[in-house]
S.K.: 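My questions will all concern the structure given below.
Here is how names work: the chains are called A, B, and so on, in the same order as the sequence lines, proteins then strands, and each is numbered from 1.
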Amino acid sequence: MNIVMITNLSYYLPELALIAAMVLGLFAIAFSGSRDQSDKIVFGLTMLLLMVSYILLNNMMFAVPRTIFSSALVIDRFGTLFKIIMVIGTIAAIYLGRFSQDILPEIKSEFSIIVIGVLVGGMLLASANNLLIVYLGVETLSILSYALASFNRKNNKSSEAGLKYALYGGISAGLMLFGMGHIYGVLGTIQFEGIADVLSGLTLSDISILLPSFLLFFAGLGYKIATVPFHMWAPDVYEGSPLPVTTFFAVVPKMAGMAVIMRITMVFFSAEGVLQIGWIGLLSVIAALTMTVGNVAAIGQRSVKRMLAYSSISHAGVMLTGVITLNHLGTTAILFYGVAYLFMTLTAFYVTTFVADGCENDHFERFTGLVSRHPLMAILMSIAMLSLAGIPPFSGFVAKFNILAALIEKRYFVMAVILGLNSVVSLYYYMKIVRLMVLKSPESSAPVGGFGLLNQAVIVAFTIPTLVLGLFWQEMMSVASSASLLVK
Amino acid sequence: MAYLLNWILWMPVLGILGLFVIPGQSKGAIRYWSLLNTAITFVLTIILYMNFNTEVAGMQSQFDIRIPWISQFNIYYALSVDGISLPMIILSGLLFFLCILSSWTIEKAVKSYFILFLLLEASVMGVFMAMDFFLFYLFWEIMLIPMFFLIGIWGGENREYAAIKFFLYTFFGSIIMLIGIVALYNLSGKGIDSFNIVALAGGHFRDLTLNIFGYDLPFNKFFFVAMFIGFAIKVPIFPFHTWLPHAHVQAPTAVSVILAGVLLKMGTYGFLRIAYPIFPSASVYFGEAIAWLGLINVIYGAMCAMAQDDMKKLIAYSSVSHMGFVMLGLAAMTVQGMNGAVLQMFNHGTSTAMMFLLVGILYERSHHRWIVKPDGSRGFGGLYTQLPRYSIVFIIAMFASMGLPGLSGFISEALIFLGIYEKFTTITVMALFGLLIGAAYLLWMFKRMFFGEVNEAVTGYSDMNWRELSYMIPLCVAVVVFGIYPAPVLDVMRASVGKLVVMLSLY
């Protein structure tokens, strides 16, 4: 038993490395002499251990899929790829947090530590194999996120964001638990594989209880990835939170939620029946609404951060449309989308952060004439915007193309058209920034402080995958396509 | 020789790489480099023409390049050329070369301008050469990016609105097309040829149905309409034409030339290359509707042109009218009609390019384009006595655009009418009035600008200089030569167009 546990632990090393980073970080804060010193130590330490975790995850891509800890967690390529995306997102957020003025200098180390805590919760979700772990993951993710949202304690909006997030989070977690309770009550198991077995042979009366309980269950998850109608918190929280935190929220909790929705859908509902129709119907409607509402609301925004928040809502909707296809191409497309989305979002948020830092706020007007002040940054931001809108030859286009291909493979033409029209709508507001940056003359000629050589190099590094995956995506497709789910 | 198409496609990209190295201050070097680059591309297209075997019909038969690209979707980097795309490739090569000369006066952000311009050339060449559907779409979309910036940065006063409208409109059309492309890929079995434009052709999708909300819709008609909208926005066909006047008026001269001369042809090229061959039965079914839309284009475009006070807007609407003739020829689906349509695509490219270039030349002197100013006074007057060289070139361009016998427009329009008469007699007769209105608005514009009392403002204008003549004369020669002896162009396209007509006649 013990030996099994220890071998199991070896599959949990990436998470253990992160937990070690948290603990060591806390010790470093407690025992180091000055604030400045501890900041440096914690930054170095967290970066190092995140890298270690990344390398371990990379190696695990080649491991044989298995379940660990008495089937509580499942280690498969699907989850691992999601974890890799989340780790990269976290590295980017911590790096950004170190340079952003939005994170108060006296709590920079705490920021790194809390962010890693959220990441651990996210990774738990990505490999959850029973309902309890899902709940545990969601709560780990959420409770620390509330703190993160209100991280800029001198700013009223940030405090408001934290409170809103906590209230919404509390209610939706309650709903989710309520739903899970019913699911357990009817099926008598919390193991995914067990649920999948029982689901195939249910009577109609059981299903009539299960349908609403799955709806409640979905409410909890849908809240995490901000799907309509559980999205109300997202714009306020995204706007109120400090920019590095927003960057983080746009990637990690979203990917974690997407991973768990994907897993649940593939495991529970791959058998045809009333439940599948109900769940897929629910997801289709929600996906269509999420895309549309996110995009339409984004048009009128004044703050770039808020616009990006709405745009990330609509991207979650696009990824959900990949879930409803329930086929291999759909899974592949979502994984590809995740990778593409990660890098374009990072570029967009990085540029926004530095512009907002240099110009006091993040309104659209602050981007005016950026091309004459920082030509390279304006070009990279334009690339990110075009890519988010789905214009070739950038990765965002390929990602949408894959989702479209998956949808049409299942003959979901209406969904495909909705997705297409949404791309057109999104182009309008993404181009608004490009228009301001490139076509208008600048409001001042002063350079933006944050764009040092190193930061520019980092932004370039984040944009390279957007370019490469737009033209040479065969390799990434085969990685995503091999990242299948383990149902056990 | 086997990689000639690669060279033509990537030559502008090489030019862009070169431009990155040249510092932004040395404007002269940037201009000469771009000129050299486009000249080489043009020479390469001529070499392509020399080596082209006119007897062979259809794509995928000569100058083939086919390299696997994305194996999961069977996407290939596949280029080829046939009698329909070759005239377009030569036309693009010529116009881009001449437009660099006309862009000599651009002073704002010269380097970026030429980089975007060469990017535009590469993507246009790509559209006309692509044999893989995915690749085709890629070039079709990439083209929007340089266009957006070229209109948005170097355009007129209302440039931003025009740029974003153009971008959104075209993107809307192409995303619908993309859904069609993916649907075709799925329904043709996701095999090795599922993105191959040539292999998809031939009406494989005739009997398939499509279930939407419980209704069985005929697949080929449904997706013919999807493709139609994508291409119709580009042509532009009424009622999808509203972006065109804005884009044209706001765009800088060279970009207007490319827009009217080349980009509009991409729409009709799409019909010839994709919509017709892949959905022949639907094309025949919608033939009459296309003819009516073409007729509306001809008459409505001409009427709108008549009403304009802005010279450039007038020319822009005349493009709408002339593209209507192309649509009429396409709707005819007869040998003469189709040949006429392709020839008209080529001829309109040269004649409308002349008109836009002439507008640009005058604008550089007058800084306005009003035939009649908003306050009612005449914008120009008596130009004929002041600018004799300019006036002669203008007369040639105008008569070519009008379709006077002996100049290029006449032959293609005559062929189109010959082709369509037997099929849609009523439409033909009505469309003839379009020619009449066309003559009216052009001559009226000419009268108001060139004759009459000499306007005081006009007296200071200098006549065309050598640089301006150097890019107008080749076009004048083309217009006259192809008006008397169109055989070089017709010979090239005959086999390919014939093959398409034969295929359509089976349905």
S.K.: Which heavy atom of B/F171 sits nearest a heavy atom of A/A389, and at what distance?
M.R.: CZ-O, 4.0 Å
S.K.: Begin with the C-alpha distance, continue with both residues' side-chain angles, and end with the deciding distance and a verdict on side chain to side chain contact (heavy atoms under 4.5 Å, CB included) for A/F397 and B/L178.
M.R.: CA-CA 11 Å; A/F397 161 69; B/L178 179 65; 4.0 Å; yes
S.K.: Would you say that more than 12 heavy atoms from the other residues, nucleotides or ligands in this model lie under 6.0 Å from the NZ of A/K440, or not?
M.R.: no
S.K.: Is chain B contacted by the side chain of A/L419, its backbone, both, or neither, given a heavy-atom distance below 4.5 Å?
M.R.: neither
S.K.: With a 3.5 Å distance limit and no angle check, can you tell me whether B/E141 reaches the backbone of A/P393 through a side-chain donor-acceptor pair?
M.R.: no
S.K.: Need one label for A/V425: side chain, backbone, both or neither, based on atoms under 4.5 Å from any heavy atom in chain B.
M.R.: neither
S.K.: So for A/S481, is it side chain, backbone, both, or neither that comes closer than 4.5 Å to the heavy atoms of chain B?
M.R.: neither
S.K.: In terms of heavy-atom pairs under 4.5 Å, which option from A/F472, A/Y428, A/W473 contacts chain B the most?
M.R.: A/W473
S.K.: When the ring planes of B/F134 and A/F401 are compared, do they come out parallel, tilted or perpendicular, using 30° and 60° as the limits?
M.R.: perpendicular
S.K.: So what's closer than 4.5 Å to chain A heavy atoms on B/I181: side chain, backbone, both or neither?
M.R.: neither
S.K.: Which bit of B/I164 comes within less than 4.5 Å of chain A, counting heavy atoms only: side chain, backbone, both or neither?
M.R.: side chain
S.K.: Heavy atoms only: give me the nearest B/Q72-A/S478 pair and the separation to one decimal.
M.R.: NE2-N, 3.1 Å
S.K.: If you round to the nearest 0.5 Å, how far is CG of B/N186 from CZ of A/R411?
M.R.: 6.0 Å
S.K.: Would you give the length of the straight line joining atom CD of B/E160 to atom CE of A/M431, rounded to the nearest 0.5 angstrom?
M.R.: 10.5 Å
S.K.: Run A/L386 and B/F148 through side chain to side chain contact (heavy atoms under 4.5 Å, CB included) and show every step you take.
M.R.: CA-CA 12 Å; A/L386 289 168; B/F148 172 81; over 6 Å; no
S.K.: What about B/F223 and A/F413, are their ring centers closer than 6.0 Å?
M.R.: yes
S.K.: Give the member of B/F172, B/F167, B/Y137, B/Y185 that has the highest number of heavy-atom pairs under 4.5 Å with chain A.
M.R.: B/F167
S.K.: What do you reckon, is CG of A/L453 surrounded by more than 12 foreign heavy atoms closer than 6.0 Å?
M.R.: no
S.K.: Side chain, backbone, both or neither: which part of B/I145 has a non-hydrogen atom closer than 4.5 Å to chain A?
M.R.: side chain
S.K.: Hey, is CD on A/E475 packed in by over 12 heavy atoms from elsewhere, all under 6.0 Å?
M.R.: no
S.K.: With a 4.5 angstrom heavy-atom cut-off, which part of B/L187 approaches chain A: side chain, backbone, both or neither?
M.R.: side chain
S.K.: Going from CG on A/L329 to NZ on B/K190, what distance comes out if it is rounded to the nearest 0.5 angstrom?
M.R.: 7.0 Å
S.K.: Between CG of A/L404 and CD1 of B/I179, what distance do you get to the nearest 0.5 Å?
M.R.: 5.5 Å
S.K.: If we ignore hydrogens and angles and just use 3.5 Å, is the side chain of B/W69 paired with the main-chain N or O of A/L471 as donor and acceptor?
M.R.: yes
